[in-house]
Amino acid sequence: MEYNALSIRPFIGAKDFEQSRGFYRDLGFTESKISLKMSLFHKEKVGFYLQDAFVQDWIDNTMVFIEVENLDHFYRDILALNLSNKYPKVKLLPIHEAPWGRECFLHDPSGILWHFGEFK
């Protein structure tokens, strides 16, 4: 089967939709509202759908990985945003070295785990 894939956009949920919308805008994503209960967030070639939907098991098992060009620069920038003061449930973990590369972890206001990393 041949086809030309143009993007991949996972659907993620939000416990507090308005709070999560603010968080992702603060994180540098541009929001395009689709409906009252769904928005597309995008930055360059990366995008995802945020839904006003919350199922604990789904949220607890959602992880998203974004490859960044310079993890040190990204980490400094995200640290400077001080997101955990504005969003109490947000947690940023330091850069971790792995055999395949490096990454840091960010939990969004609902608990979704984001991996930001660079490969060797």
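Using bins of under 30°, 30° to 60° and over 60° for the plane-to-plane angle, the ring pair Phe65/Trp100 lands in the perpendicular bin. Using bins of under 30°, 30° to 60° and over 60° for the plane-to-plane angle, the ring pair Tyr24/Phe41 lands in the tilted bin.
Scanning both residues, Gly28 and Lys43, for their nearest heavy atoms gives O-CD, 3.6 Å. Shown here for Lys120 and Pro99, the closest heavy-atom pair between the two residues is NZ-O, 3.4 Å.
To the nearest 0.5 angstrom, Met38 atom CE is 8.5 Å from Phe17 atom CZ. Put simply, OG on Ser20 and CD1 on Ile112 are 7.0 Å apart, with the number rounded to the nearest 0.5 Å. Expressed to the nearest 0.5 Å, how far CG of Asn70 lies from CG of Asp77 amounts to 9.0 Å. Atom CZ of residue Arg76 and atom CG of residue Leu81 lie 13.5 Å apart, to the nearest 0.5 angstrom. Rounded to the nearest 0.5 angstrom, Leu93 CG and His115 NE2 are separated by 10.0 Å. The line from OH of Tyr75 to CG of Leu79 is 5.0 Å long, rounded to the nearest 0.5 Å.
Residues Phe11 and Leu50 fail the side-chain proximity criterion, which asks for heavy atoms closer than 4.5 Å. Taking 4.5 Å as the limit, some side-chain heavy atom of Ile34 sits within range of a side-chain heavy atom of Tyr49. Between Ile78 and Leu83 the shortest side-chain heavy-atom distance falls below 4.5 Å. A heavy-atom distance below 4.5 Å is not found between the side chains of Pro94 and Cys104. Contact of the Thr62 side chain with the Leu113 side chain is not registered, since no non-hydrogen atoms from C-beta on lie closer than 4.5 Å. Using a 4.5 Å heavy-atom threshold, the side chains of Ser7 and Lys45 count as separate. Using a 4.5 Å heavy-atom threshold, the side chains of Phe116 and Glu67 count as separate. Within the 4.5 Å cutoff, no side-chain heavy atoms of Ile66 are placed close to those of Phe48.
With hydrophobic clusters built from ILVMFWY side chains whose heavy atoms lie under 4.5 angstrom apart, Leu27 does not share a cluster with Leu40. Met63 and Phe23 fall into different hydrophobic clusters, where Ile, Leu, Val, Met, Phe, Trp and Tyr side chains are chained together by heavy-atom contacts under 4.5 Å.
Grouped with Met1 in one hydrophobic cluster are Tyr3, the linkage being side-chain heavy-atom contacts under 4.5 Å among Ile, Leu, Val, Met, Phe, Trp and Tyr residues.
Among pairs with a residue in residues 14-23, those fulfilling salt bridge (charged side-chain N to carboxylate O under 4.0 Å, His left out) read Glu18-Arg21, Arg21-Glu31, at least two apart in sequence or across chains.
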Steps toward side-chain contact (heavy atoms from CB on, under 4.5 Å) verdict (Leu92, Phe105) = CA-CA 6 Å; Leu92 175 65; Phe105 304 100; over 6 Å; no

inquiry  = One pair to check against side-chain contact (heavy atoms from CB on, under 4.5 Å): Trp58 and Gln56. What are the steps and the verdict?
reply    = CA-CA 5 Å; Trp58 174 37; Gln56 191 70 54; over 6 Å; no

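Taking the side-chain contact (heavy atoms from CB on, under 4.5 Å) definition, one finds that Arg102 meets it with Leu71, Asp72, Ile95, Glu97, Glu118, sequence neighbours left out.
A donor-acceptor pair shorter than 3.5 Å cannot be found between the side chains of Tyr87 and Asp108.
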